[in-house]
Amino acid sequence: MQWSRLFIPTLREDPADAEVISHKLLVRAGYIRQLAAGVYSYLFLAQRAFNKIIRIVREEMDAIGAQEMLLPALHPAELWQESGRWEVMGDDMFRLKDRGDRLLCLGMTHEEVMTAIARGELRSYKQLPQIWYQIQTKFRDEPRPRSGLIRVRQFIMKDSYSFDLDPAGLDVAYQKHYRAYCRIFQRCGLKFVAVEAHSGTMGGSQSHEFMVRAEAGEDWVVLCPQCGYAANLEKAISVPAPPLAEDPPGDFDPEPFATPGVRTIAEVAEFTGLPETSQIKSLVMVAEGSPVLVLLRGDHQLSETKLSEALGGRVIRPAHPDEMREWLGADAGSLGPVGVRNMTILADLALRGRRNMICGANRDGYHLRHVTPEEDFTASWHDLRQVAPGDRCTHCGAALDMGRAIEVGHIFKLGYKYSDSMGLRVTGPKGEEITPIMGSYGIGIERILCSAVELYADQDGMVLPVSIAPFEVVVTPVNNSDPEQMSAARSLYESAKAAGLDALLDDRDERPGVKFKDADLIGIPYRITVGKKLASGKVEIFERRSRQSTEVEPARAVEQLRQRIEEDYRNLQPQD
RNA sequence: CGGGGCGUGGCUCAGCCUGGUUAGAGCGCCUGGUUCGGGACCAGGAGGUCGGUGGUUCAAAUCCACUCGCCCCGACCA
């Protein structure tokens with residue numbers, strides 16, 4: 001294609017409302033334009049990149065025997081009421097009414113629709129297993145869209161669903177997806193890690209997220225550099241750093257002491273001269289109406305995910321100040337477990353075996369010293385805390401690494417949640433009724449592009465892997481008014497196309513600086529520069545990633561470039 | 001939903017505090033010319049109901065109220 005004919009609206013300055021790199025660059029490079037909060041138009045370059053990503057996704061999904069479909073984005077409310085998620089999804093779901101006042105919603109995911117098809121059509125165990133997928137637009141009314149394409153309200157998702165006769169079958173489907181996802185992200189040129197994850201409102205037992213480390217990411221992952229343990233922060237486990245001070249020995253009774261105006265853990269530490277690790281942090285939470293007292297070591301943070309799981313998956317929220325006062329007789333800052341009878345007490349395992357600690361006295365302005373778990377109060381023990389910097393790996397003892405990441409894919413073992421609630425049954429070999437077991441698997445198409453931008457961008461703009469860049473090479477004549485250069489550039493462009501390369505000819509009547517800057521900005525992996533060295537029989541092959549140029553004879557340029565690009569693709573090829 | 005910030009030609013911004021002729025700049029765009037290896041130069045030109053509504057005032061981009069939109073932090077998040 002000829003650049004002079006294309007719509008690639010690049011900008012010289014960063015857009016004012018962008019903060020993260022991928023947002024700035026995708027707008028500046030003319031890939032996207034914003035329509036509303038969390039809603040973007042994908043212009044020519046973005047669509048080209050997405051098509052390349054989608055093609056890779058399709059090839060790998062087809063390779064595991066998944067069948068592509070396309071389901072509606074508009075769903076009747078009844079379907080979601082059946083699974084119980086009409087309520088669960090809350091404000092995240094776009095809801096609307098048709099002219100007959102019937103309730104509808106825009107699909108945020110498709111378990112319900114897929115299960116409805118399955119229950120309508122699958123009759124016999126002989127039809128299983130099945131893997132169905134689609135690449136389609138999803139709608140989620142995010143409370144806070146942000147970071148350009150990283151968190152949006154309308155996005156393209158590859159979602160697939162597996163139906164199996166038994167858990168062993170589900171394991172197979174899950175493994176197939178796991179491998180296919182690894183291959184997809186490798187072929188897209190991403191550095192990623194698969195982490196253990198929490199299944200959230202999807203329900204189900206096992207789940208992995210595919211994460212790309214990036215500061216712009218919204219998730220936190222915990223990684224062990226030694227044994228490879230990897231988990232989402234909300235699920236990660238660790239060996240806590242030891243307390244900073246040893247517990248005083250001896251068998252004492254709790255003893256109140258006045259702590260006027262001392263409320264936070266840090267203030268208590270300052271006041272007592274003892275570190276935060278010597279304190280018991282008491283948090284009042286409400287689990288679907290009933291109060292729960294949660295105890296943690298002073299320096300630890302509660303993982304609400306773990307707490308919710310410990311409470312059997314109940315929805316939890318922090319208690320309001322007046323509730324705490326009513327239930328415990330004191331304000332936050334002076335709360336503790338001693339003498340508490342009117343609520344469940346859950347304690348984090350890091351407190352087990354500790355002695356003579358400090359906690360609130362349930363009386364404003366007072367704390368207790370010499371509080372020993374299991375002697376002065378009883379609680380049920382759970383892992384409730386978030387992994388903290390400095391923690392060690394439970395498997396190998398190495399120091400854990402923590403960092404932000406972008407979630408590009410997520411796979412779930414759903415179990416029977418949807419087949420049960422929506423009545424999906426097939427007949428077994430002995431005429432018995434079998435409830436199929438399901439899995440669901442998602443990839444965020446836009447996030448693959450965002451992640452690549454975040455990972456590889458430099459000062460000059462985006463640097464995209466050949467497999468997902470909108471073009472593989474741009475042929476740039478330096479001076480349009482030089483007929484030799486122009487015709488050489490045209491013929492290089494034609495032979496690049498003939499050699500099967502995805503090429504672009506920058507035939508714009510612009511000065512060379514403008515062409516170079518634009519080509520760098522939009523991230524095309526290679527550039528053939530046709531300039532004054534043409535007179536001495538040379539053109540340049542410029543590699544965007546390394547910024548290295550090599551001079552070659554025009555006649556050999558395309559073949560050499562073709563080989564380098566082939567090499568790039570080989571390096572992106574998964575080895576397994 | 002709580003906190004903060006911002007809405008002025010296509011883009012990035014100034015002007016607003018302290019109201020006062022035809023609302024500015026740089027970039028981009030159009031025409032002509034000179035140029036051509038890292039965002040050229042000269043000359044001329046087009047383009048803005050100052051987010052919206054209401055109010056105060058002789059007079060509002062500027063002050064007040066309401067409202068809409070967007071961004072950031074937090075809560076939330078398959």
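Values below: every heavy atom of this structure, side chains too, minus hydrogens, waters and symmetry copies. Letters A, B, ... are given to chains in the order of the sequence lines, protein chains preceding strands, and every chain is numbered from 1.
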Nucleotide N/O of nucleotides 40-43 of chain B paired with protein N/O under 3.5 Å:
{"unit_1": "rA40(B)", "atom_1": "O4'", "unit_2": "Arg511(A)", "atom_2": "NE", "d": "3.4"}
{"unit_1": "rA40(B)", "atom_1": "N9", "unit_2": "Arg511(A)", "atom_2": "NE", "d": "3.4"}

Applying the 3.5 Å cut-off to both distances, the Watson-Crick or G-U partner of rA46(B) turns out to be none

Scanning all shown strands, the Watson-Crick or wobble mate of rC13(B) with both distances under 3.5 Å is rG24(B)

Once you apply a heavy-atom cut-off of 4.0 Å, does Lys515(A) come out as touching a base, just sugar-phosphate, or nothing? nothing

Exercise. Assign Arg28(A) to base, sugar-phosphate, or nothing according to its heavy-atom contacts below 4.0 angstrom with the strands shown.
Key: base

Mind checking if Phe155(A) touches a base, just sugar-phosphate, or nothing, with heavy atoms under 4.0 Å? base

As its Watson-Crick or G-U partner within any shown strand, both distances under 3.5 Å, rC1(B) has rG74(B)

With 3.5 Å as the limit, what N/O pairs link the protein to nucleotides 68-75 of chain B?
{"unit_1": "rC70(B)", "atom_1": "OP1", "unit_2": "Ala37(A)", "atom_2": "N", "d": "2.6"}
{"unit_1": "rC70(B)", "atom_1": "O3'", "unit_2": "Gln34(A)", "atom_2": "NE2", "d": "3.4"}
{"unit_1": "rC71(B)", "atom_1": "OP1", "unit_2": "Gln34(A)", "atom_2": "NE2", "d": "2.8"}
{"unit_1": "rC72(B)", "atom_1": "OP1", "unit_2": "Ser147(A)", "atom_2": "N", "d": "3.2"}
{"unit_1": "rC73(B)", "atom_1": "OP2", "unit_2": "Arg144(A)", "atom_2": "NH2", "d": "2.1"}
{"unit_1": "rG74(B)", "atom_1": "N7", "unit_2": "Arg144(A)", "atom_2": "NH1", "d": "3.3"}

Atom CD of Glu540(A) and atom P of rG37(B) are separated, to the nearest Å, by 12 Å

Q | Charged tip of Arg527(A) within 45° of Phe516(A) ring normal and under 6.0 Å | A | yes

Check your understanding: So do Ser162(A) and Tyr441(A) actually touch side chain to side chain, heavy atoms under 4.5 Å?
Key -> yes

Taking a pair to mean Watson-Crick or G-U wobble geometry with both distances below 3.5 Å, rA40(B) pairs with rU34(B)

note: Asp509(A), atom CG; rU35(B), atom P; distance rounded to Å ~ 13 Å

Answer for the Watson-Crick or wobble partner of rA60(B), both distances under 3.5 Å, is none

Q: Classify the nucleic acid contact of Arg317(A) as base, sugar-phosphate or nothing, counting any heavy atom under 4.0 Å across all strands shown.
A: nothing

message = Within the 4.0 Å heavy-atom criterion, would you say Gly531(A) contacts the bases, only the backbone, or no part of the nucleic acid?
response = base

For the CZ atom on Arg317(A), are there more than 12 heavy atoms of other groups (residues, nucleotides or ligands in this structure) within a distance under 6.0 Å? yes

The complete set of salt bridge (charged side-chain N to carboxylate O under 4.0 Å, His left out) pairs with one or both residues in residues 469-480 of chain A, sequence neighbours excluded, reads none

Separation of rC11(B) atom P from Asp14(A) atom CG, nearest Å, is 15 Å

Q: For rC1(B) and rG47(B), measure between their P atoms and round to the nearest Å.
A: 42 Å

Glu551(A) CD to rG37(B) P, in whole Å, measures 15 Å

